[in-house]
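Proteins come first, then strands; the chains are lettered A, B, ... in the order of their sequence lines, and each starts at number 1. These numbers come from a predicted model, not from an experiment.
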Amino acid sequence: MSTNASIASAFEHAAALMELLGEDKFRINAHARVARAVNDLTTDLASIAGDPKALTAIEGIGAKTAAKITELVRTGKVEEFDELAARVPAGLPALLNVPGLGPKTVRRAWQELGIEDVAALKAAMDDGSLAGLPRLGAKAVEKIRKGLDQLERSAGRLPLGIAMPMAEGIVAFLSTLDGVERAAFAGSLRRGKDTIGDLDILVVAMDAAAVHEAFCAHEDVASVIARGESKSSVLMKLSVSLGRWGRALGSDAEPAVQVDLRVVPAESWGAAMQYFTGSKEHNLKLRERAVKQGLTLNEYGLFKDDGENGPPQSRGIEPVASESEEDIYRALKVVFPEPELREDRGELSAKKLPELIQLGDLKAELHGHTTESDGKLSLDELVEGAIARGFHTIAVTDHSKSSAQAGGLDEKRLRAQAKQIDEAQERFGDRMRILKGSEVDILADGSLDFDDDTLASLDVVVASPHTALSQEPAAATKRLLRAIEHPMVHILGHPTGRLINARGGLEPAMDELFAAAKEHSVALEINAHWMRLDLRDTHVRAAVEAGCLLAIDCDVHSLGDFDNARYGVLTGRRGWLTAEQCVNCWPADRQSDWLKSKR
DNA sequence: GCCGTTTTCGGCCCGACTGTTTTCAGTCG
């Protein structure tokens with residue numbers, strides 16, 4: 001059984017092995033690229049294995065890697081990859097994860113000192129043999145030691161909802177410093193990725209040195225990794241506890257994340273933001289495009305290529321564009337891509353890009369819990385929360401009876417709640433439309449937790465999987481299809497049930513779900529809670545292309561959960577979602593017509 | 001190993017920082 005994830009990891013591992021064996025870097029890169037391309041797919045690769053045409057149609061996959069994918073799906077292995085693995089000690093690839101240790105150094109340590117794993121590396125540092133290698137001295141060894149320590153205390157990739165407030169705090173801090181004109185975060189955080197590896201902060205300031213000094217002296221800084229004239233890197237303690245959402249840390253290591261600060265000249269702000277926002281793949285494509293137009297692009301600007309060596313800005317050459325990102329993309333004759341689109345997923349060759357959904361477009365929350373099940377809010381508090389957001393509609397969707405641990409409602413309690421909602425509607429009048437609903441469990445076989453009559457009595461039905469989240473892909477597909485095809489269901493809630501950094505969730509054939517959802521006019525939820533973000537970005541993109549309806553809902557359990565909407569919107573934007581295709585953005589009448597079409 | 005609005009062969013981004021160097025290699029993003 002080869003899932004896309006396992007195929008991607010096989011190619012990734014093969015690329016690492018080739019690096020350690022010192023093979024051709026372009027060949028290595030080609031394999032790493034296949035891994036990325038496969039990770040982005042929503043088609044089940046197993047279903048097109050053996051079809052070279054379909055495989056090579058995927059950018060980054062050529063004739064040879066297509067054959068390897070087919071071999072992997074059919075036999076469970078790739079002979080060539082096994083041969084690579086046989087040539088490299090099993091513990092060696094893990095050394096590549098140590099910050100500061102790269103393939104060249106690991107390879108030399110292995111070939112010249114026989115170091116095959118982390119333990120041997122530590123021993124070689126202690127007995128001084130590592131420092132004996134050419135171009136490796138005491139300081140380099142100390143750096144590797146620090147890298148090992150950093151690896152041990154790294155919190156892993158931070159969930160978006162943890163990284164965003166932290167970055168905003170750092171930006172606010174830097175903005176208060178004397179002489180700081182601008183400050184912003186860039187990187188994968190600005191692109192709204194669901195998890196963040198490190199934080200990138202950009203600043204324009206009169207006195208760069210003073211900013212770096214203040215930054216490195218920040219009370220949350222655990223250690224300074226590097227500090228230069230334009231860039232400093234630190235390890236910063238997390239101001240919040242990660243609990244189950246972080247990597248399990250060894251011993252008493254305090255979780256920390258790397259934060260990079262760059263102070264840039266005001267006139268190259270746009271170039272720097274473009275450069276440090278990435279993604280790496282997007283920038284690579286963009287710079288290739290620049291070269292083809294006789295230009296060269298770096299973090300200082302876009303320059304005419306004069307054929308000379310060395311950075312153009314340091315030779316006094318004036319940039320063609322640099323002050324704003326818009327200027328740069330315009331000069332390169334590329335339609336301006338919002339940061340969330342910059343993943344090299346077709347945004348650079350698009351003649352036109354969609355007008356992406358914005359936070360302010362949301363007009364309804366269609367997934368809210370109260371104290372009747374596992375919510376912290378009373379019915380009135382939930383409604384007030386929606387009013388404070390400027391919404392026209394709030395749906396009360398407490399859990400159904402099978403979710404006993406969440407205090408799920410049975411039919412009798414559901415009827416009682418309906419009465420309370422009628423009374424609340426009287427009280428609130430036209431300040432808010434309150435929908436009677438349920439987040440009904442999709443049981444393991446795809447049947448729903450309430451009978452049709454009960455479901456028909458509700459204004460809105462969100463059907464979600466909560467249990468049996470590790471069932472086989474085929475069973476999961478059948479299960480979710482059955483829920484989508486149910487005539488009373490409006491929204492498929494958190495379709496895969498994944499929890500970021502904690503649970504993989506279901507791996508159904510998403511394309512089949514999208515086709516069915518389109519046919520039955522069922523909206524697929526982007527659950528906006530940062531621990532879920534389910535559907536994820538690549539799923540949203542495929543659902544949008546399939547013509548599906550999407551819902552962005554906060555799955556409100558407490559008042560603060562409404563604030564997670566921005567993460568759902570970021571995820572939607574990464575999937576090229578427009579307000580038009582998102583049911584939460586529709587005017588009350590249109591939304592109502594859609595809901596009633598299922599009654 | 002992939003790819004093509006000059007190319008089916010010959011390319012494949014660019015700079016900062018660090019350490020070990022005396023001009024550069026390795027790592028990172």
Side-chain angles (χ1 to χ4, degrees), chain A residues 11 14-15 18-19 22-37 55-69 80 95-109 131-144 146-147 150 186-188 196-200 202 208 212 224-233 258-264 268 271-272 274-303 305 309-314 333 344 349:
Chain A
F11 275 83
M18 287 188 243
E19 277 204 302
E23 300 211 4
D24 175 66
K25 62 178 178 167
F26 295 111
R27 204 170 153 251
I28 294 167
N29 190 33
H31 283 76
R33 240 185 112 194
V34 170
R36 281 196 304 274
L55 287 171
T56 54
I58 299 163
E59 204 181 332
I61 297 180
K64 290 194 178 165
T65 48
K68 288 177 194 177
I69 290 170
E80 189 195 316
L95 294 184
L96 293 174
N97 297 330
V98 180
L101 260 189
K104 299 270 168 59
T105 310
V106 173
R107 181 172 154 80
R108 269 183 17 226
L133 284 179
R135 295 199 72 88
L136 270 177
K139 277 191 166 175
V141 170
E142 198 45 43
K143 203 175 158 188
I144 294 167
K146 271 188 158 173
Q150 185 181 345
S188 53
I196 310 300
D198 53 26
L199 304 180
D200 295 292
L202 295 187
H212 284 298
V224 177
I225 299 168
R227 184 166 158 192
E229 278 176 35
S230 68
K231 172 190 166 175
S232 48
S233 282
Q258 183 171 331
V259 185
D260 296 340
L261 171 72
R262 285 165 175 95
V263 181
V264 304
S268 46
Q274 195 288 318
Y275 189 91
F276 291 111
T277 294
S279 66
K280 201 173 163 182
E281 291 76 21
H282 172 92
N283 284 355
L284 226 143
K285 272 273 168 66
L286 193 66
R287 291 201 285 278
E288 278 175 10
R289 189 176 273 261
V291 169
K292 275 181 194 147
Q293 296 177 27
L295 299 162
T296 177
L297 178 62
N298 61 32
E299 60 260 57
Y300 296 97
L302 180 67
F303 300 87
D305 186 4
N309 284 328
Q313 71 279 358
S314 60
K333 301 182 178 66
D344 187 25
S349 50

**Request:** Under 4.0 Å between any heavy atoms, over every strand shown, what does A/Lys285 touch: base, sugar-phosphate, or nothing? Just pick one.
**Result:** nothing
Could you give the distance separating B/dT6 and B/dC2 at their P atoms, to the nearest angstrom? 24 Å
A/Glu59 atom CD is separated from B/dG1 atom P, nearest whole Å, by 19 Å
* Look at all strands and tell whether A/Glu142 reaches a base, only sugar-phosphate, or nothing, counting heavy atoms closer than 4.0 Å. => nothing
Is a donor on one side and an acceptor on the other found under 3.5 Å between the side chain of A/Ser279 and the backbone of A/His282? yes
A/Asn29 atom CG is separated from B/dC3 atom P, nearest whole Å, by 12 Å
Subject >> Contact check, side chains of A/Asp260 and A/Leu199, non-hydrogen atoms, under 4.5 Å >> reply: no
**Message:** I'd like the P distance from B/dT20 over to B/dG15, given in whole Å.
**Reply:** 26 Å
Partner of B/dT8 under the Watson-Crick or G-U wobble criteria, both distances under 3.5 Å, comes out as none
Between CG of A/Leu302 and P of B/dC13 the distance, given in whole Å, is 16 Å
A/Glu23 CD to B/dC2 P, in whole Å, measures 14 Å
With side chain to side chain contact (heavy atoms under 4.5 Å, CB included) as the test, would you mind laying out the steps for A/Val263 and A/His212 before giving the verdict? CA-CA 8 Å; A/Val263 181; A/His212 284 298; 3.5 Å; yes
Between CD1 of A/Ile61 and P of B/dC2 the distance, given in whole Å, is 9 Å
Hits for salt bridge (Lys or Arg N to Asp or Glu O under 4.0 Å) against A/Arg36, two or more places apart or cross-chain, chain-then-number order -> A/Glu281
- Query: Are A/Asn298 and B/dG15 close enough that a side-chain N or O sits under 4.0 Å from OP1 or OP2?
  - Reply: yes
By salt bridge (Lys or Arg N to Asp or Glu O under 4.0 Å), A/Arg262 pairs with (sequence neighbours left out) A/Asp200
So A/Leu297, base contact, sugar-phosphate only, or nothing? Heavy-atom distance under 4.0 Å. sugar-phosphate
* Roughly how far apart, to the nearest Å, are B/dC17 and B/dT23 at atom P? -> 23 Å
From CG of A/Leu284 across to P of B/dC3 the rounded distance in Å is 14 Å
task: Quote, to the nearest angstrom, the C1' distance that separates B/dA16 from B/dC12.
output: 22 Å
note: A/Glu19, atom CD; B/dG1, atom C1'; distance rounded to Å ~ 15 Å
**Study point:** Pairwise C1' distance, B/dT27 and B/dC13 [rounded to whole Å]
**Key:** 16 Å
Distance-only, no hydrogens or angles: does the A/Thr277 side chain make a donor-acceptor pair with backbone N or O of A/Gln274 under 3.5 Å?
no
* To do: Using the six-membered ring for Trp and the full ring for Phe, Tyr or His, decide whether A/Phe26 stacks on the six-membered base ring of B/dC12 (centres under 5.5 Å, planes under 30°).
  => yes
Distance-only donor-acceptor hits, side chain of residues 22-29 of chain A, under 3.5 Å, sequence neighbours excluded:
residue : atom : partner : partner atom : Å
A/Glu23 : OE1  : A/Arg27 : NH1          : 2.4
A/Asp24 : OD2  : A/Phe26 : N            : 3.3
A/Asp24 : OD2  : A/Arg27 : N            : 3.0
A/Arg27 : NH2  : A/Glu80 : OE2          : 2.6

Reading nucleotides 16-29 of chain B from 5' to 3' and marking B where a protein heavy atom lies under 4.0 Å of the base, S where only the sugar-phosphate is that close, and - otherwise, the string is SSSBB---BSSSSB
Residue set satisfying salt bridge (Lys or Arg N to Asp or Glu O under 4.0 Å) with A/Lys143, at least two apart, ordered chain then number -> none
Would you say that A/Val106 contacts A/Leu96 through its side chain, given a criterion of any heavy-atom pair below 4.5 Å between the two side chains? yes
Comparing nearest nucleotides in DNA chain B, the 5'-proximal residue of the pair A/Glu288, A/Ala63 is A/Ala63
Taking N or O atoms only and anything under 3.5 Å, show me the protein contacts with nucleotides 5-10 of chain B, one pair per line.
none

| field | Residue pair A/His31 / A/Lys68, side-chain donor-acceptor N/O under 3.5 Å | value | yes
Q. How would you label the contact of A/Ser233 with the nucleic acid (heavy atoms, under 4.0 Å): base, sugar-phosphate, or nothing?
A. nothing
- Task: Indicate, with a heavy-atom threshold strictly under 4.0 Å, whether A/Val291 touches base, sugar-phosphate, or nothing.
- Result: sugar-phosphate
From CD of A/Glu281 across to C1' of B/dC14 the rounded distance in Å is 15 Å
> With a 4.0 Å cut-off, would you call A/Glu59 and A/Arg33 a salt bridge?
Replying inline: yes
Under 4.0 Å, counting only non-hydrogen atoms across every strand here, what does A/Gly60 touch: a base, just sugar-phosphate, or nothing? sugar-phosphate
Can you see if the side chain of A/Thr65 gets near the phosphate of B/dC2 - specifically, an N or O under 4.0 Å from OP1 or OP2?
yes
Q. Taking the P atom of each, how far is B/dG26 from B/dT22, in whole Å?
A. 15 Å
